[in-house]
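In what follows, every chain begins at residue 1, and chains take the letters A, B, ... in the order their sequences are listed.
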There are 2 protein chains.
Amino acid sequence: MARKDSELTGVKEIARRANVSIGTVDRVIHNRKGVSKKTKDKINAIIKELDYQPNIFARRLASKKQLVFAILIPKVSQETNYWEAPLLGIEQAGAEISPYGITVQPYLYEVNDKKSFLEQVARIDLDQVQGVLLAPSFIEESAHFIKALESKKIPYVFINSDIPGYNSLSYFGPDLYQSGYLSAHLMKYLVKRKEKVLIINISQEIDDQHHLSRKEQGFRNYFKDHKIESPILKIDIQQTDYAHVSKALGQILRKEPVAAIFVTNSRVSTVAKYLKKTKDTQPILIGFDYTKENLVFLKEGIIDFLICQKPREQGYKGLMALYQFVLHSRTGEKNNFMPIDIITSENCDFYIN
Amino acid sequence: MARKDSELTGVKEIARRANVSIGTVDRVIHNRKGVSKKTKDKINAIIKELDYQPNIFARRLASKKQLVFAILIPKVSQETNYWEAPLLGIEQAGAEISPYGITVQPYLYEVNDKKSFLEQVARIDLDQVQGVLLAPSFIEESAHFIKALESKKIPYVFINSDIPGYNSLSYFGPDLYQSGYLSAHLMKYLVKRKEKVLIINISQEIDDQHHLSRKEQGFRNYFKDHKIESPILKIDIQQTDYAHVSKALGQILRKEPVAAIFVTNSRVSTVAKYLKKTKDTQPILIGFDYTKENLVFLKEGIIDFLICQKPREQGYKGLMALYQFVLHSRTGEKNNFMPIDIITSENCDFYIN
DNA sequence: TCACGTTGCGTTAACGTACACGAAAAAACA
DNA sequence: TGTTTTTTCGTGTACGTTAACGCAACGTGA
């Protein structure tokens, strides 16, 4: 009899060893009620001993129900199409895993609006969700949501920005400090000794400040570590519209001729727009993100370098990590810092965002 | 009766419509013999009409047999650990898809040895293989193998280098011309007007020449397109050992002081080794690939930039493409040019190869 | 004509799990 | 003690596909 082989695994074997039926084993596996503590413990012990891995094919064949993953990220705004990329990655991953009975439900919030974030959170029915992929833009609001997830034991993955200290499955996103550090490294090649460098923060959001300042820190520390003598100027611009930005730029650039400008986020295109209009010698311009707007100026040569951290891949890999965990109990690295890519007008056509 | 719903799909429905049994339907699906041409055609028509997608869970539950993918790439040599990266990507993909009953069989050949390539090809039993991932280093030898694959209708994917004109499922690898073009772009920032630039080809293999020259072409064309006045020198070194390389370098560098050197492949570390020993002012050095050896010199500052094209991802995505096609009949892009990454001593620790 | 092979097809038992249904056992109540 | 309720558990069917087995019908050669 070849039965010996086949009976060594599966619910049947567990049932046999525990002297119960497969129905009972099934109940403890799904911890439904109706099993005495005693037999439940016995069965759990056997499961652990056998390191029982349920057959996912049989499981998903027998169970008609879909798994649901909720996606909580900003929606694409007129201001920037940055979030298009993660969404594309998510959609691709979603398409790949959909044959395995997984449904992806997007909940998209306004990038600068906490209220909108909370509205979307409220729409998610945690009893119908087996995993969450989120960009925790707003620290406090996210913390509250995450607490709810943990109490329901729903696994979640962060993308784009991290909130350390939580028990997330993993994080896929940039190492902000390093990307600032790298930008400074590029600068070193481009500015001559003692030429001035300007850092520009453009953001109205307070939560953002944390991100921006970590980049700035990296940037400044590189200059310090490498004893670069170029003076660093810096301005904060709290309004993101062109009128404000151009005015602020005009003021400082008239007084202080700079050889290079480092914009700490994707709004570098606004700066580029200003620089294009002035006839003066163009300073080197470095900024972030492969957005439509930035790309135009990159190709025109107004922007010299863009730093980018694979937003598409963040979405793709984030969702895949969720899938690997929920379906196969596979956990990968907890922190997955995306590579820091340097984009120029030459390689931009080949950049896979 | 809810039967109406459930009967609308699956082999049962096909069988019902064709007035045959599911056994017969199964036979034509797996085109086994024992079905008359007439009913076979009828069933195939219905399958197409219904756009029947077999339930993969039921399929893999019922069928105990494993799918086999053969991997035909160079093995890691002492000379370079380049091929470690693709293999790692392949192994990761292999681990992820192994629960779906897929076995990955590596056949590794010596990178510079056609005989070894043919030996490995001979070891592959095409009747036991459902897909092939290969790096077609040797054009003619590969062509022969590919012909065999096509006659058996076994899908195959190229990585690292492409042989256009074949009906491969897809290609994952670099766009050589562009990576040369980009290198030149970097040079532009780094050398002053009329300073000399040196291109170095180090390779004993003839097949390689094709690759190298496409890079060189890209490099030269950038200079032409942008009317850069720096003269370009060039040497070919046909022996890859350090003694030869250093001798050749000594000869040319003594005569011609150059501001920058562009090495067209991963052997840039050999050049770096030489430069490190000379006390002269170090020229800018650009080369290819994130190998162990190159990394050392990059961190020491001898190599300034490395161009890299995600060898790990080539392996990962290549195998995944095979999987998506064989299991889910999903085809993606045919040509997948990898992003052209610029690696410096600053971002190298964050580079995901 | 019989015996035997071939072709074309139907039937059925797996594959491992989920879950509804109902039965037995235990507990609670009278 | 008998009756009801609750707890605990076993049985059976379904999920969609695979493939072994077997049975007709037909053809072939003697």
Item checked: d(CZ, B/Phe57; C1', C/dA14) in whole Å -> 20 Å
Next item on the list: Kindly give the heavy-atom pair with the smallest separation between B/Gln309 and B/Met338, and that separation in Å.
Entry: NE2-O, 3.1 Å
Notebook entry, point to check: What is the distance, rounded to the nearest whole Å, between atom CZ of B/Arg16 and atom P of C/dG10?
Noted result: 15 Å
Note to self: Within the 4.0 Å heavy-atom criterion, would you say B/Arg32 contacts the bases, only the backbone, or no part of the nucleic acid?
What the structure shows: base
Next item on the list: Looking only at non-hydrogen atoms, find the nearest pair between A/Tyr171 and A/Asn160 and report the distance.
Entry: OH-O, 3.5 Å
Item checked: A/Lys152 and A/Asp127, any side-chain heavy atoms less than 4.5 Å apart -> yes
Notebook entry, point to check: Nearest-Å distance, CD (A/Gln66) to P (D/dC15)?
Noted result: 17 Å
Check: Counting any heavy atom closer than 4.0 Å, what does B/Asp26 reach on the DNA or RNA strands: base, sugar-phosphate only, or nothing?
Finding: base
Next item on the list: Please determine which of A/Phe117, A/Phe145, A/Trp83 meets the ring-ring contact (aromatic ring centres under 6.0 Å, His included) test together with A/Tyr109.
Entry: A/Phe117
Next item on the list: Identify which nucleotide among D/dG10, D/dT18, C/dG10 has an atom closest to any side-chain atom of B/Ile22, counting heavy atoms from C-beta outward.
Entry: D/dT18
Margin query: Rounded to whole Å, please give me the gap between CG in A/Asn19 and C1' in D/dT8.
Written below: 16 Å
Notebook entry, point to check: In whole angstroms, how far is the P atom of C/dT17 from the CD atom of A/Gln53?
Noted result: 11 Å
Note to self: I need the NZ-C1' distance between B/Lys33 and C/dG5, as an integer number of Å.
What the structure shows: 12 Å
Notebook entry, point to check: Where the side chain of B/Ala62 is defined as all heavy atoms beyond and including C-beta, which of C/dG16, D/dT17, C/dA18 is the nearest nucleotide?
Noted result: D/dT17
Item checked: Per B/Arg27 side chain, nearest of listed nucleotides C/dG10, C/dG16, C/dT17 -> C/dG10
Notebook entry, point to check: Which nucleotide in the set C/dT17, D/dT18, C/dC9 lies at the smallest distance from any side-chain heavy atom of A/Asn55?
Noted result: C/dT17
Note to self: Between P on C/dG16 and OH on A/Tyr52, what's the gap in Å once rounded to a whole number?
What the structure shows: 10 Å
Item checked: Gap between atoms CD1 and C1', on B/Ile56 and C/dC15 respectively (whole Å) -> 16 Å
Check: Any side-chain N or O of A/Lys64 under 4.0 Å from OP1/OP2 of D/dG16?
Finding: yes
Item checked: Considering all heavy atoms, the nearest A/Ile56-B/Phe57 contact -> O-CD2, 4.1 Å
Item checked: A/Lys334, NZ atom: more than 12 neighbouring heavy atoms under 6.0 Å -> yes
Check: Quick one: is C/dG10 close enough that its OP1 or OP2 comes under 4.0 Å of any side-chain N or O from B/Thr24?
Finding: yes
Note to self: If you only use heavy atoms from C-beta on, which nucleotide in D/dA19, D/dG16, C/dT17 is closest to the side chain of A/Arg59?
What the structure shows: C/dT17
Item checked: N/O (side chain, B/Ser21) to phosphate O (OP1/OP2, C/dG10) under 4.0 Å -> yes
Next item on the list: Check every strand shown and say whether A/Ile29 touches a base, only sugar-phosphate, or nothing at a heavy-atom separation below 4.0 Å.
Entry: nothing
Next item on the list: Between C/dA18, C/dG10, D/dG16, spot the one nearest the side chain of B/Val20, thanks.
Entry: C/dG10
Next item on the list: Answer yes or no: does a side-chain N or O of B/Thr39 lie under 4.0 Å from OP1 or OP2 of C/dG8?
Entry: no
